[in-house]
Amino acid sequence: MKSEMNNMRVFKMSFAGVYPHYIAKAVKKGRTKEEVDAIIFWLTGYDEKALQSILDDKTSFETFFANAQINPNVSKITGVICGYRVEDIEDKLMQQIRYLDKLIDELAKGKAMEKILRN
C-alpha cells in the first residue's frame with residue numbers, strides 16, 4: 001500500500017520539476033543538456049517544441065508518459081535502478097519513469113550515446 005502511495009506521488013510530480021536534476025546530473029559528469037534531450041526524444045518520441053511545452057505547462061509524469069510514443073526498443077533497457085530491475089517493474093508508468101532514470105544514469109556514467117539509445 002505504501003509503495004502505491006509513493007507511486008501516486010511520483011506520477012503527479014511535474015516533469016519540469018525533475019528535468020533540471022537530469023541535466024545537472026549529466027553536466028556534473030561532463031555530458032550535455034543536448035544529450036539529455038536526445039535521450040528524452042528517443043524514449044518518448046517528443047521533439048524540442050513538445051518538450052518545451054511540457055516544461056512550460058508543468059506536465060505531470062503521468063501525462064508526460066501517457067502522451068508519449070514510447071520507443072519500441074525500450075525492452076532492450078535492462079539493469080538495476082533505485083534497487084529494482086527495470087525489466088521487472090510491474091507498474092507500466094513506474095517502469096517508464098525508471099527507464100528514463102536508467103538512461104540518464106548511463107549517460108552520467110559515461111556510456112556512449114549509441115549504446116544508451118540501443119542502436
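Side chains are part of it too, since the values below use all heavy atoms of this structure and drop only hydrogens, waters and symmetry mates.
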As an exercise, state the distance from [atom1] of [X] to [atom2] of [Y], rounded to the nearest 0.5 Å.
X: Ile77; Y: Glu106; atom1: CD1; atom2: CD; value: 7.5 Å
X: Ile40; Y: Ile104; atom1: CD1; atom2: CD1; value: 5.5 Å
X: Arg98; Y: Asp91; atom1: CZ; atom2: CG; value: 11.0 Å
X: Ile23; Y: Glu34; atom1: CD1; atom2: CD; value: 8.5 Å
X: Leu43; Y: Lys102; atom1: CG; atom2: NZ; value: 14.0 Å
X: Asn7; Y: Met94; atom1: CG; atom2: CE; value: 3.5 Å

TODO: Please report the C-alpha distance between Val10 and Ile97 in whole Å, then the side-chain angles of each, then the deciding distance to 0.1 Å, and finally whether the side-chain contact (heavy atoms from CB on, under 4.5 Å) criterion is met.
DONE: CA-CA 9 Å; Val10 171; Ile97 293 168; 3.8 Å; yes
Open item on the list: Looking at Lys111, I want to see if its NZ is surrounded by more than 12 non-hydrogen atoms of other residues, nucleotides or ligands under 6.0 Å.
Closed with: yes
Can you find a heavy atom in the side chain of [X] that is under 4.5 Å from one in the side chain of [Y]?
X: Ile39; Y: Leu100; answer: yes
X: Trp42; Y: Ile116; answer: no
X: Met113; Y: Leu107; answer: yes
X: Gln96; Y: Thr44; answer: no

Task: Closest contact, heavy atoms only, Pro20 versus Ala16 - done: CD-O, 3.0 Å
Open item on the list: So which atom in Val36 and which in Ala26 form the shortest heavy-atom distance, rounded to 0.1 Å?
Closed with: CG2-CB, 3.5 Å
- [ ] Any pair with a residue in residues 10-25 that passes side chain to side chain donor-acceptor pair (under 3.5 Å), sequence neighbours left out, goes on the list, sorted by first then second residue, please.
- [x] Lys12-Glu62, Tyr19-Lys33, Tyr19-Asp37, Tyr22-Asp101, Lys25-Asp105
Open item on the list: Hydrophobic clustering (ILVMFWY, side-chain heavy atoms < 4.5 Å, transitive) - are Val74 and Val80 grouped together?
Closed with: no
Contacts table for residues 63-70: side-chain donor-acceptor under 3.5 angstrom, sequence neighbours left out:
{"from": "Thr63", "atom 1": "OG1", "to": "Ser60", "atom 2": "OG", "distance (Å)": "3.1"}
{"from": "Asn67", "atom 1": "ND2", "to": "Thr63", "atom 2": "O", "distance (Å)": "3.4"}

Open item on the list: Please report whether the ring centroid of Phe61 lies less than 6.0 Å from that of Phe15.
Closed with: yes
TODO: Indicate yes or no for a side-chain donor-acceptor contact from Asp57 to the backbone of Thr59 under 3.5 Å, with no hydrogens or angles considered.
DONE: no
- [ ] Decide salt bridge (Lys or Arg N to Asp or Glu O under 4.0 Å) for Lys76 and Glu87; before the verdict, give the C-alpha distance in whole Å, the side-chain angles of both, and the deciding distance to 0.1 Å.
- [x] CA-CA 9 Å; Lys76 294 180 180 177; Glu87 59 271 31; over 6 Å; no
- [ ] Could you verify whether a donor N or O on one side chain and an acceptor N or O on the other, from Asp56 and Gln52, lie under 3.5 Å apart?
- [x] yes
- [ ] Using salt bridge (Lys or Arg N to Asp or Glu O under 4.0 Å) as the criterion, list what pairs up with Glu35, not counting sequence neighbours.
- [x] Arg31
